[in-house]
Amino acid sequence: MARLELDSVTKRFGDGPDAVVAVDDVNVDIADGEFLVLVGPSGCGKSTTLRMVAGLETVTDGEVRLDGTRINERGPAERDIAMVFQSYALYPHMTVRGNMRFGLEESTDLDDEAIDERVEETAAMLDITELLDRKPGALSGGQRQRVALGRAIVREPAAFLMDEPLSNLDAKLRSQMRTELQQLQNDLDTTTVYVTHDQTEAMTMGDRIAILDAGELQQVATPLEAYHRPANRFVAGFIGEPSMNFVETTVEDGALTAGEGLVYPLAGDAADAVAGASAVTLGVRPEDVRVSADGDPADVASEHVFDATVDVVEPMGNENVVHLTLPNGPDLTATVDGLRQIADGTDARVGIPAKAIHLFDRDSGEALHNRSLDDAEMDAPNV
Amino acid sequence: MSRVDDLRGTLAAVDRSRAALYAVLFAMVAFYLAPLESGLATSIKTEAGFRATTPYAPPPLGEFTLAAWQVAFDRLSQGLINSLLMAIPATVLSALLGSLSAYGLTNLDWRGQTGVLVLFVAGVFLPYQSVLVPLRQFWSAVDLPSLIPLGFVGSYEGLITLSLTHAAYGIPICTVLFRSYYATLDEEMIEAARLDGASAATIYRRIVLPLSVPIFAVTLIYQFTQVWNDLLFAIVLVTDPSNQVVTVALNQLQGSFVNQYNLQMAGAFVAALPTLVVYVLFGEQFAKGVAGES
């Protein structure tokens, strides 16, 4: 049980002007028992951040604190932290039992009996009791994954660190393990930092997610907050699949303009938000884009409806992903119900509801205005 | 019928290319094994026999004898024992030390390790001839029996000197061999062990060493063969005839007046037997190590 704080943590590789800044001034405060997902594209510094917490990398600047105590100078063995690696990193010459015992033998004074008991208990919890006397080479990917988890759990550490632990599993097993991991973390209630590049894992697993890009922290928020109230254009584009539509526009006479095909009048909060700005990016999630083959979409004001051509339809079963082109305007992606028939190459009318739009400053990428949540249902989280 | 003919034609073509392939392979094998066969044939001939026939021909009737083998065994047996006493510790020592230094240079992180590695690599390319004089002077300056006050040291001084020299000169190549293997070990596995609370020494003992069996086989075979076959250091460093190793003894089988080829050939086989045994013993692990399996 522990609270983990990253205070202005910075990692530079190399010295002087050639130094590469891998992690730049990251501040995160992870509460006791919280599940924090660190997410971002490859090379964004998320693994480096995790390795600094583990003690496998030195911290160039800033402080890592565990329960208020600075742990920068402690070796990995002295941090009371367990880590699950992407490659599982099991010891191939030891049995599963040996793998799970190793950490207890090296880091505690428990006698053999107590160690055996802990290993048996953990194995039972993970349902790997029958694998205890096998070697890792004789296990499937999913089983190895469980053993790697078991090896971390059996030590009962103050915090778990997980570095893309599910990325070597096939899709089906991955979604199953996702649920199981969440369940496990709930039961154990141990502070967990989970690194992934998969935005689905980030959305579904974490209490909060921290989005990193190019070593800089973009936003720390609950998954839904990051989805509906992105701090900037990067977060808006990274979270959500298919990703948000972005249209580069200029502000003219209170309307967003992107060629002749898209002139989008603004009103209310949105209009106030762009006052003084001239270059604005319009963002709208594909599920908010209304597509209608005959006539205008019903629930969108007529000034926010445009002509479009359907380029490609990707049927996903539960939904269709529709790629549209606005004549003399931008391309848009929309998702519509899976049972709706839309043919490639047909003309359609496209509506962008005013309450669903996000606006970003084109230079800085900062969010100027986020969608309205007025019509969110009562059981929706309070964001 | 035509399909059968076609098939026959194809088979004939395949047969011809196969036959050619086997002929070439057989010729290469024969070429490669001819010296061995000649040696073996000569070693089982009488003196009259090897004078009367070509070397690769089998012994003529009545000229077959194992006497040369017997004499070779008798005259080389002390050398064989001495060589084993010298080569086994030298091999084990250089493999163990090579493994340790490779671990330190590969899996641990410290300042200046590249410089140290360069020294090891330079050691691999050091020609033995270039160190003969300083080596001789070094061992003349060292008084082993008083350095190691154990009873047997005095009578085996030459062998101990030779063994230690080979151990030292074997470390660089062993380090390079182990290093290439340790570089393939999963780094995350070592990190996992560090997080599990293991010290560098414990990681070596409990993780790295048990995973090194295949590369130990490679190194032991290679190093044993090197040490066993050495003649140069043995001639220069060992003066006491009772400490003579097998390569030196084999060299002395050469008669000063008459060349007893049968005795020399039998002696060569006797002297080579232990290295053959080592290959057979560690063959499977050797193959694994060469293939880079862990």
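On a predicted model such as this, the values are computed, not experimentally measured, just so you know. Chain letters run A, B, ... following the sequence lines, proteins first, then strands; residues in each count from 1.
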In this structure, are over 12 heavy atoms from other groups packed under 6.0 Å from B/Y156 atom OH?
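No - once you tally the heavy atoms of other residues, nucleotides and ligands closer than 6.0 Å, there are 12 at most.
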Should we count CD of A/Q86 as having more than 12 external heavy atoms under 6.0 Å?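 Counting other residues, nucleotides and ligands, CD of A/Q86 exceeds 12 neighbours.
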* Sole candidate of A/E164, A/K46, A/E201, A/R178 that passes side chain to side chain donor-acceptor pair (under 3.5 Å) when paired with A/T196 ->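 With A/T196 as partner, side chain to side chain donor-acceptor pair (under 3.5 Å) holds for just one option, A/E201.
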Within residues 106-115 of chain A, the residues sitting under 4.5 Å from chain B by heavy atom, in sequence order, are A/E106, A/S107
Q) So which bits of residues 68-82 of chain A come within less than 4.5 Å of chain B, counting non-hydrogen atoms only? A)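 Checking residues 68-82 of chain A against chain B gives A/P76, A/A77, A/I81.
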*asked:* Could you check, using the six-membered ring where one of them is a Trp, whether A/Y194 and A/F160 have ring centers closer than 6.0 angstrom?
replied: no
B/F286 and B/F282: aromatic ring centres closer than 6.0 Å? no
Per-residue tally against chain A (heavy atom, under 4.5 Å) across B/I207, B/V213, B/D186, B/I190 peaks at B/I207
_Salt bridge present between A/R118 and A/E120 (N-O < 4.0 angstrom)_ =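 No.
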Tell me, side chain or backbone of A/L90 under 4.5 Å from chain B's heavy atoms, or both, or neither?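 For A/L90, the backbone is the part near chain B, not the side chain.
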| message | Within 45 degrees of the ring normal and closer than 6.0 Å to the centroid, is that where the cationic atom of A/R151 sits relative to A/Y91? | response | yes
Can you check whether B/A234's main-chain N or O pairs, donor with acceptor, with B/D230's side chain at less than 3.5 Å?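 Indeed, once roles are kept as given, a pair shorter than 3.5 Å links the two residues.
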*Spell out, as yes or no, whether a donor-acceptor pair under 3.5 Å connects the side chain of A/Q185 to the backbone of A/T190.*
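Pair found, side chain donor or acceptor close to backbone of A/T190.
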side-chain hydrogen bond (donor to acceptor under 3.5 Å, both in side chains) evaluation trace for A/Q182 with A/N186: CA-CA 6 Å; A/Q182 265 174 288; A/N186 260 332; over 6 Å; no
